[in-house]
Amino acid sequence: MTREETSKYTDLMPDGTARQFTFDMEPKSVITRPSGGDTLAGAGRYEITGIAWSGRGTIARVEITVDGGATWVPAELQTPVLPRAHTRFQWPWTWDGREAMIASRCTDDTGYTQPPLADLIKVRGVNSQYHNNGIQVWKVAADGKITNGNRA
Amino acid sequence: MATARNVIAALMCAAAVVGSPAVVFAQSPTFGVGHAPKPEELKAIDIEVTPDGKGLIHGSGTAAAGKEVYTRRCETCHGPTGQEGPQDVLAGGQGSLTTSRPQKTVGSYWPYATTLWDYINRAMPFDHPSTMMPDEVYATTAYVLFLNGIVGEHDVLNETTLPQIKMPNRDGFTSDPRPDVGASPKKRSQHQ
């Protein structure tokens with residue numbers, strides 16, 4: 001057995017054990033625009049868009065939040081939606097110019113819904129890097145600057 | 001003149017043929033190049049080593065002999081005792097896996113001694129991989145295990161004794177339990 005199969009591509013858990021042969025890519029999505037590093041010009045209409053994918057099947061739905069996860073609305077999926085393929089989504093957003101926490105979360109056809117990063121960390125700790133499929137939050141500041149909301 | 005539309009039409013016909021029942025695939029096209037590898041050709045490039053020692057090449061070495069090889073060819077990247085780096089830390093780290101700064105070394109993390117032999121044999125030293133003789137590989141393996149307190153200085157490692165070593169973290173690995181987070185009524189879809 002190779003170094004990669006044992007010491008490198010294994011996922012170390014908080015109790016010191018490590019998961020081996022973890023090949024599944026669980027559902028993940030990320031908003032690619034607007035996203036970290038972007039600056040919005042001011043209040044107004046913006047299209048939120050990004051990609052979602054699942055190594056276990058087909059993306060069934062993607063939801064968007066602009067209030068840090070308090071409420072979610074369905075995004076539109078761009079066809080064709082194919083198994084184990086990137087699936088683009090979009091949703092029209094009217095920004096009121098106040099601080100906002102925007103994020104996407106996807107569900108695949110197995111019924112699995114992408115979890116918040118904190119839920120993953122609770123179970124897996126912070127030393128298993130290869131399967132972080134947690135929800136990615138972007139923080140939109142009142143001046144329009146966008147930063148990593150997972151660190152906010 | 002072959003118009004773009006004609007070319008596309010021809011490609012679509014080809015796709016339709018390829019896409020017809022699975023029996024079409026029973027005999028793969030050969031494209032007129034290459035040949036099926038002969039067993040001896042596969043054997044010549046097969047360097048896989050399994051935890052039970054299958055694939056190990058005949059040879060032997062001790063940590064005492066390996067110290068010279070290590071000093072000459074490994075120390076620059078891995079440090080005098082295997083703990084200094086600057087590249088991968090090879091020794092130490094025991095008890096660190098449950099801390100906020102886990103050190104995944106050969107001694108603290110690797111489950112099989114044969115993996116160390118395999119990796120040195122195929123990939124080390126970094127600037128001249130796969131150039132070490134079998135005895136040098138056994139000796140260097142022995143020295144790295146010695147730096148971790150797993151073998152004695154004069155223990156002889158060969159294709160029989162190396163797989164018998166039980167690494168400290170041998171039982172530290174589990175199979176994949178996911179989905180462990182995220183609601184999932186069905187475990188898998190039909191797309192496997």
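This is a predicted model, so every value here is computed, not measured. Here is how names work: the chains are called A, B, and so on, in the same order as the sequence lines, proteins then strands, and each is numbered from 1.
Linking Ile, Leu, Val, Met, Phe, Trp and Tyr whenever their side-chain heavy atoms come within less than 4.5 Å leaves A:Val137 and A:Ile51 in two separate clusters. Cluster annotation: B:Leu147 is connected to B:Ile165 through the hydrophobic network of ILVMFWY side chains, with a link wherever side-chain heavy atoms come within less than 4.5 Å. In the hydrophobic clustering of this structure, B:Val89 does not group with B:Ile120; members are Ile, Leu, Val, Met, Phe, Trp, Tyr whose side-chain heavy atoms approach within less than 4.5 Å, directly or through other members. The cluster map of Ile, Leu, Val, Met, Phe, Trp and Tyr, joined by side-chain heavy atoms under 4.5 Å apart, puts B:Met132 and B:Leu56 in the same cluster. Hydrophobic clustering (ILVMFWY, side-chain heavy atoms < 4.5 Å, transitive): B:Ile57 and B:Val144 are in one cluster.
Note: A:Ala18 leads A:Ala18, A:Gly134, A:Gly16, A:Gly125 in heavy-atom pairs under 4.5 Å with chain B. Ranked by heavy-atom pairs shorter than 4.5 Å toward chain A, the options B:Val106, B:Thr174, B:Thr114 are led by B:Thr174. Ranked by non-hydrogen atom pairs under 4.5 Å with chain A, the options B:Leu116, B:Asp88, B:Asn169 are led by B:Asp88. Highest contact tally toward chain B, considering only A:Met13, A:His131, A:Glu5, is held by A:His131 [criterion: heavy-atom pairs under 4.5 Å].
Counting heavy atoms of neighbouring residues, nucleotides and ligands inside a 6.0 Å radius, atom CD of A:Glu76 does not exceed 12 of them. Counted within 6.0 Å of CZ on B:Arg101, heavy atoms from surrounding residues, nucleotides or ligands total 12 or fewer; the atom is thus considered open. The environment of A:Lys145 atom NZ is sparse: at most 12 non-hydrogen atoms of other residues, nucleotides or ligands sit within 6.0 angstrom. In this structure, B:His35 places its NE2 atom where more than 12 heavy-atom neighbours from other residues, nucleotides or ligands lie under 6.0 Å away. No more than 12 heavy-atom neighbours from other residues, nucleotides or ligands sit within 6.0 angstrom of OH on A:Tyr9.
Between A:Thr6 and B:Tyr112 the shortest heavy-atom distance is CG2-CD1, 4.1 Å. Taking every heavy atom of both residues into account, A:Met1 and B:Thr115 meet most closely at O-OG1, 2.8 Å. Pairing each heavy atom of B:Trp110 with each of A:Ser7, the nearest pair is NE1-CB, 3.2 Å. Between B:Val181 and A:Asp119, the closest heavy-atom pair is CG1-CB, 3.8 Å.
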Check the pair B:Arg178, A:Asp24 against side-chain contact (heavy atoms from CB on, under 4.5 Å), reporting the backbone distance first and the verdict last. CA-CA 8 Å; B:Arg178 295 175 304 153; A:Asp24 279 5; 3.5 Å; yes
What's the verdict on side-chain contact (heavy atoms from CB on, under 4.5 Å) for A:Thr10 and B:Phe173, showing C-alpha distance, side-chain angles and the deciding distance? CA-CA 9 Å; A:Thr10 44; B:Phe173 292 82; 3.9 Å; yes
Please step through salt bridge (Lys or Arg N to Asp or Glu O under 4.0 Å) for the pair A:Arg19 and B:Asp180, ending with a clear verdict. CA-CA 12 Å; A:Arg19 296 174 180 179; B:Asp180 53 347; 2.8 Å; yes
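Residue A:Asp15 holds its CG atom at 8.5 Å from OG1 of B:Thr98, rounded to the nearest 0.5 Å. With values rounded to the nearest 0.5 angstrom, B:Asp176 atom CG is found 11.0 Å from A:Phe21 atom CZ. In this structure, CG on A:Asn127 lies 7.5 Å from OG1 on B:Thr99, to the nearest 0.5 angstrom.
Contacts between B:Tyr119 and chain A at a heavy-atom distance below 4.5 Å involve the side chain alone, from C-beta outward. Looking at A:Gln114, neither its backbone nor its side chain comes within 4.5 Å of chain B, counting heavy atoms on both sides. Only the backbone of B:Ser100 comes within less than 4.5 Å of a heavy atom in chain A; its side chain stays farther off.
Inter-residue side-chain proximity for A:Glu26 and B:Pro179 is flagged as met; some heavy-atom pair is nearer than 4.5 Å.
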